[in-house]
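A short worksheet on the structure shown next.
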Amino acid sequence: MRGSNAVLEKELAEHFASKRFLLMFALILLSGAGAAFASAQSLTAQGLTKFASQYLFLVLFSGAASSLPSYVYFLSILAPILGIALGFDSINRELASGSMVRLLSNPIHRDSVIVGKLAAGLIVISVVVGGVNAVIVGADILLAGYGPGLDTALRIFYFTVVTILYSAVWFSLAMFLSTVFRRAATSALVSLALWIFLSFFIYPLATGLAAVMAPLPTYPAPTIGQMLANMEITRTIARISPAVIYGELSSVLLNPQVRSLAAVYVYSPELPIPASLTVDESLALSLPHISALVAAFSLFSILAYLAFMRMEIRARWE
Amino acid sequence: MTAAIKAVGLRKVYGSFIAVDDTSFDVERGEIFGLLGPNGAGKTTTISMLVGLIPPTSGDAYVDGHSVKREPTEVRRRVGLLPENPGFYENLTARENLMLTAKLNDVPNPEERIEELIGRVGLSGWLDVEVGKFSRGMKQRLGIADALIKGPSVLIFDEPTAGVDPKGAEEMLEIISSLAKEEKITVLMSSHLLHQVERICDRIAVMNKGRIIAEGPLERLTGGRYILELEVDGDLNTIAKKLQLLGRVRLEGRRIVVEAMRDMRKDAAQIVLEAGGIPLGMRFRRPSLAEIYRSILEAEVGT
Ligand SMILES: Nc1ncnc2c1ncn2[C@@H]1O[C@H](COP(=O)(O)OP(=O)(O)OP(=O)(O)O)[C@@H](O)[C@H]1O
Ligand SMILES: [Mg+2]
């Protein structure tokens, strides 16, 4: 579509010139670099750098080796904020400034505006997350003295795609909220409140609900069946949150030892010593979760689209 | 030949509030049409419906024969709009802003067109400056260039000179009338500034509370009405009261202004003399648009 290309270009020009973009890029880059150096240091302290193992490369990349928060943890916070920062005022700011009237008084369909905006957001997110991850992998190679094998490289690649997708879920939600609320301050607050709730309060909520729906007796001690039922409910409820889905995805993709996303009873003597999964096996395990993120992104994009199509564009928004 | 703009029974209702009520008018090709009315009269709502930004509750509008309801894209291909507040992207330069409009309209040779138009509105040298640094008047002028990029056959300006200084407003009006006279572009402009409308508009519609309450060429609106300004020595209040026999009377400082539907010079002089006053000076003229506008709106309140 001609219109959406023009809108896309304009959106990219605006994003790349914005302070938000620079700020988010810098934050993610710094957290990644910091985590990489801290991890490398603590691995060296344990005398592990010369031990060329692909597994250690993943540990180095995710920044999980040091006592500092890991890079994956930073991403789980910063990716949603990046998405929200790009989307929360996407529509309502243009209504308030009057530029939407000017845009829509041209011979384009309204669809192209929202399609162009969604595409631009996805591109910017990909540039930030993909770019920073590439830089971090480069730094990791220098620090470790060896590069990732195909399996490891693919894991990092899939993880990058999933992070982009996760950020895009919050971007599309924020964009939807920017069509619902007239003031950018309101849509920003609501987006952030939802993010905080779904990231930090979903587990207490899920545990609480599970305790009501599948109570665990204190005496006599709960059976394994009861414990599994309780855990299953907790997980099911928690998984309405994209943050939980993303957390599980990053552990499956970056840790070949994670074999299952269901509740497992680990202390069984018959259990074989866990073997690592291949990247394809890990990906297969992740597919339902990835589909869930794709579905969430599509849902919010469609909601944003519908709300925008029905909107009255006034020359002045009082 | 069809009218350039044709509004047919346009109506916009918000809940129980009627913002625009059954509004119809035609604007002929090459004409400058002025839409007048107090705040909240429904001018912006009408304009927004003409361009398809707001769907009318009922009725339709046509630009060069294309229905805005059925072919909004065709309409927007032909109409250049300068909104009440021409929102440019403030962190982009004038060139980038205009380039976006050019792309949205598939303009051939956009660079040349932009250079030409920017010169025309007197902003050469500002092309590569961020619009955020522009003054209100400069933004309005850039807005004219923006509306012209697509080579429109109809231009719609919503209060183009609001907030622009007198000299700037003068220049804008100059540009607007030359567009209509030299390039035969049809212009519809809304305004509160009566003297400006009076100067450049060929035809005028007065809107109030969502309705057009008077419409026609300036001469017709001012036709059949006469104003007599009297300078009198004597008891002004008594004389003014007696003059009310002839028509509407108001005091402007030391002057008495009589507005009537006929030539009342003789009667007025007689009344002044009878009331013991001495006529010192008399000026007889047609009313200005401002006076017409006031009396139309006052008549409306009376009903
Ligand atoms: N979305 C809306 N919901 C309810 N009322 C509205 C809405 N939009 C506009 N109105 C009302 O419609 C009326 C007409 O508004 P409009 O903006 O068309 O007036 P206007 O003639 O352009 O006034 P101004 O000279 O102040 O620009 C106003 O009373 C306004 O409050
Ligand atoms: Mg208005």
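Chain A is the first sequence line, chain B the second, and so forth, proteins listed ahead of strands; every chain is numbered from 1. Computed from a predicted structure; not experimentally measured.
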If you draw a 6.0 Å radius around [atom1] in [X], do more than 12 non-hydrogen atoms from other residues or ligands fall strictly inside?
X	atom1	result
B:F134	CZ	yes
B:R136	CZ	yes
A:W195	CH2	yes
A:F201	CZ	no
A:F25	CZ	yes

Value rounded to 0.5 Å, distance of OG in A:S97 from CZ in B:F88: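 A:S97 atom OG to B:F88 atom CZ measures 11.0 Å (nearest 0.5 Å).
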task: Tell me, please, which residues at least two apart from B:S153 pass side chain to side chain contact (heavy atoms under 4.5 Å, CB included).
output: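 In terms of side chain to side chain contact (heavy atoms under 4.5 Å, CB included), with neighbours along the sequence ignored, B:S153 is linked to B:D64, B:R78.
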message: At a heavy-atom distance under 4.5 Å, which candidate from B:I156, B:N97, B:D146 has the highest pair count against chain A?
response: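 Among B:I156, B:N97, B:D146, the one with the most close pairs to chain A is B:D146.
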Options B:V79, B:T73, B:L104, ranked by heavy-atom pairs under 4.5 Å with chain A, top entry: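 Most pairs with chain A among the choices: B:L104.
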query: So what's closer than 4.5 Å to chain A heavy atoms on B:L92: side chain, backbone, both or neither?
result: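 It is the side chain, since no backbone atom gets that close.
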message: With a 4.5 angstrom heavy-atom cut-off, is it the side chain or the backbone of B:V75 that approaches chain A, or both, or neither?
response: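 The answer is neither part of B:V75.
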- prompt: Backbone N or O of A:L104 within a donor-acceptor pair of the B:R76 side chain at under 3.5 Å?
  reply: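 At least one qualifying donor-acceptor pair exists.
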Which atom of [X] lies closest to which atom of [Y], heavy atoms considered:
X	Y	result
A:S105	B:V51	CB-CG1, 4.0 Å
B:K150	A:P107	NZ-CD, 4.3 Å
A:A6	B:K103	CB-CB, 3.9 Å
B:L100	A:V7	CD1-N, 4.5 Å
B:L53	A:R110	O-NH2, 3.4 Å

- prompt: Taking the side chain as C-beta and beyond, is there a heavy-atom pair between A:I313 and B:I54 under 4.5 Å?
  reply: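 No; the side chains remain at least 4.5 Å from each other.
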- request: Compare all side-chain heavy atoms of B:Y89 with those of A:E11 and state whether any distance is below 4.5 angstrom.
  value: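 Not touching, per the 4.5 Å side-chain cut-off.
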- prompt: Where along residues 12-22 of chain A does a heavy atom come under 4.5 Å of chain B, listed by residue number?
  reply: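 If one takes a 4.5 Å heavy-atom cut-off, the residues of residues 12-22 of chain A near chain B are A:A13, A:E14.
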query: Do B:Y14 and A:E312 get their side chains close enough for a donor-acceptor pair, meaning under 3.5 Å?
result: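 There is such a pair (donor and acceptor under 3.5 Å, judged by atom type) between the side chains of B:Y14 and A:E312.
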